[in-house]
Amino acid sequence: MTIIIDAKEGIDYEKLEKAALILREGGLVAFPTETVYGLGANALLKDAVDKIFWAKGRPQDNPLIVHISSKEMLEICAEITDERVYMLIERFWPGPLTIVLPKKNVIPENVTAGLPTVGIRMPANKVALDLIRLSGVPVAAPSANVSGKPSPTEANHVIEDLMGKIDIIIDGGKCSFGLESTVVDLSGKKPVILRPGAISYFALKEVLSDIEYSKTMVEGLTGTVPRAPGMKYKHYAPEANLIIVKGRIDKRIDKINEMKKKLEFKGHNVGILCFYETAHNFDSQYKLILGSMFDAKECGRNLFSILRKFNQFSVDYILCEWGNFDLEFLALENRLYKAAANNIVEVL
Ligand code: TXA
Ligand code: MG
């Protein structure tokens, strides 16, 4: 049985302490963070961590992020081989940045999928921080969705995916960012961004001037071996076939309307995913708006819940417009491309 704790209007510490105890003793607790909901287990207990892979149906070779509530916990889990880690922490923690470092032996192999490194982050959400602090242990937590589905940005999404499979779901309302943390690898010679996320390249560059993107990162699903193993799987996917139509505004609008007509003629239900500014160009009962095309943050907050909403429409295809946006949109673009399994139609 899964217990739901309501923490939308504030925290009942008696209940949170119980959840922390269950977490510490090997149970599974889903909790809100500022990015997406996490599915937490005591990161020091191999058997507890195994339950995460079971509940999510997650491939065993995809490592988990360890969530901590203090600098002391960081030093328990990881080797600090690069002093610059403290510069990143100073600037971005608590917050949506995961740092990959050489792991210490207390972290079981299943947390890191056998890798010699561990990804660590201190979340900014108060419920998350208090839960970890009260449990007294580092908490391994992937996003709290069934593997392959869009990440959960509200408790209902977690309920949809994991009800009956885990011990507790803490409902902290909607996540403020809605896209996962940026993952930075500091275990090698040069700092590398393995996954774009809530913290932008520019913000990171101000602290680490030599930081680079991993070459395989944006390519996502294409052949090469990814350094963040999670990047190679089909991800975030709605049940319908998602097709991205990318190009100049006028061209992509025409293309989408043309594709929609053809698909409808064949008897398919077609959804449209568009921006406020362009929505009036599409005539569809299955039209959802991502946000403003000038506001990457707003679109990021909405993406995952919109992909889930399309499932309720039972459409066969979703045609999503996209443009040549700047780096502010990179994290969003990365998730969208993965949700579409790189199914992109470019119009020039
Ligand atoms: O915002 C987030 O990061 C959320 C919340 C819950 O904190 N968590 C999250 O976890 O997105 P998950 O499991 O869905 O994604 C973890 C990503 C994967 O792409 C994984 O491959 C990568 O981080 N990762 C974890 N440990 C790693 C390591 N040691 N080396 C390289 N990549 C790692
Ligand atoms: Mg995930």
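Start at 1 and go down the list; that is how both ligands and their atoms are numbered.
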Report the distance from atom CG of Asp47 to atom CG of Asn42, rounding to the nearest 0.5 Å. 11.0 Å
Would you say Ser143 reaches the Mg ion (ligand 2) with an N/O/S atom under 2.8 Å? yes
Under 4.0 Å from one or more heavy atoms of Thr117, ligand 1 contributes atoms 28 (C), 29 (N), 30 (N)
State plainly whether the residues Lys261 and Glu264 are in salt-bridge range, i.e. N to O under 4.0 Å. no
Ser143 versus ligand 1: do any nitrogen or oxygen atoms come within less than 3.5 Å of each other? yes
For residues Val137 and Ile132, report the shortest heavy-atom separation together with the two atoms involved. O-CG2, 3.6 Å
Strictly distance-based, threshold 3.5 Å: is any side-chain N or O of Asn257 a donor or acceptor partner for the main-chain N or O of Asn281? yes
Take Phe275 and Phe325, measure what ring pair (Phe, Tyr, Trp, His ring centres under 6.0 Å) needs, and give me the verdict at the end. CA-CA 13 Å; Phe275 299 107; Phe325 298 123; 5.7 Å; yes
Out of Pro32, Pro63, Gly119, whose heavy atom sits nearest atom 24 (N) of ligand 1? Pro63
Could you list which atoms of ligand 1 come closer than 4.0 Å to a heavy atom of Thr35? 1 (O), 2 (C), 4 (C), 5 (C)
Which atoms from ligand 1 have a heavy atom of Asn62 less than 4.0 Å away? 18 (C), 20 (C), 21 (O)
Taking the minimum heavy-atom distance to atom 7 (O) of ligand 1, which of Glu34, Lys103, Lys56, His67 ranks first? His67
Heavy-atom proximity to atom 8 (N) of ligand 1, picking from Ala141, Ser147, Ser181, points to Ala141
Under 4.0 Å, counting heavy atoms only: does Thr112 come that close to any atom of ligand 1? no
Has ligand 1 got any nitrogen or oxygen that is less than 3.5 angstrom from a nitrogen or oxygen of Thr33? no
When the aromatic ring centroids of Tyr201 and Tyr213 are compared, is their separation below 6.0 Å? yes
Just to be sure I'm reading this right: ignoring hydrogens, which of Leu115, Val66, Asp185 gets closest to atom 28 (C) of ligand 1? Compare them by their nearest heavy atoms. Leu115
Check for me, please, whether Leu348 and Trp322 land in the same ILVMFWY cluster - side-chain distances under 4.5 Å, paths through other members count. no
Between Leu194 and ligand 1, which residue portion shows a heavy-atom distance shorter than 4.0 Å: side chain, backbone, both, or neither? side chain
Taking the minimum heavy-atom distance to atom 15 (O) of ligand 1, which of Arg121, Arg58, Arg195, Glu180 ranks first? Arg195
Main chain of Gly164, side chain of Thr2: is a donor-acceptor contact present, judged purely on distance under 3.5 Å? yes
Indicate whether the side chain of Arg121 and that of Thr33 have a donor and an acceptor atom separated by less than 3.5 Å. yes
Of the listed options (Gly38, Pro152, Ala30), which comes nearest to atom 6 (C) of ligand 1 when hydrogens are ignored and any heavy atom counts? Gly38
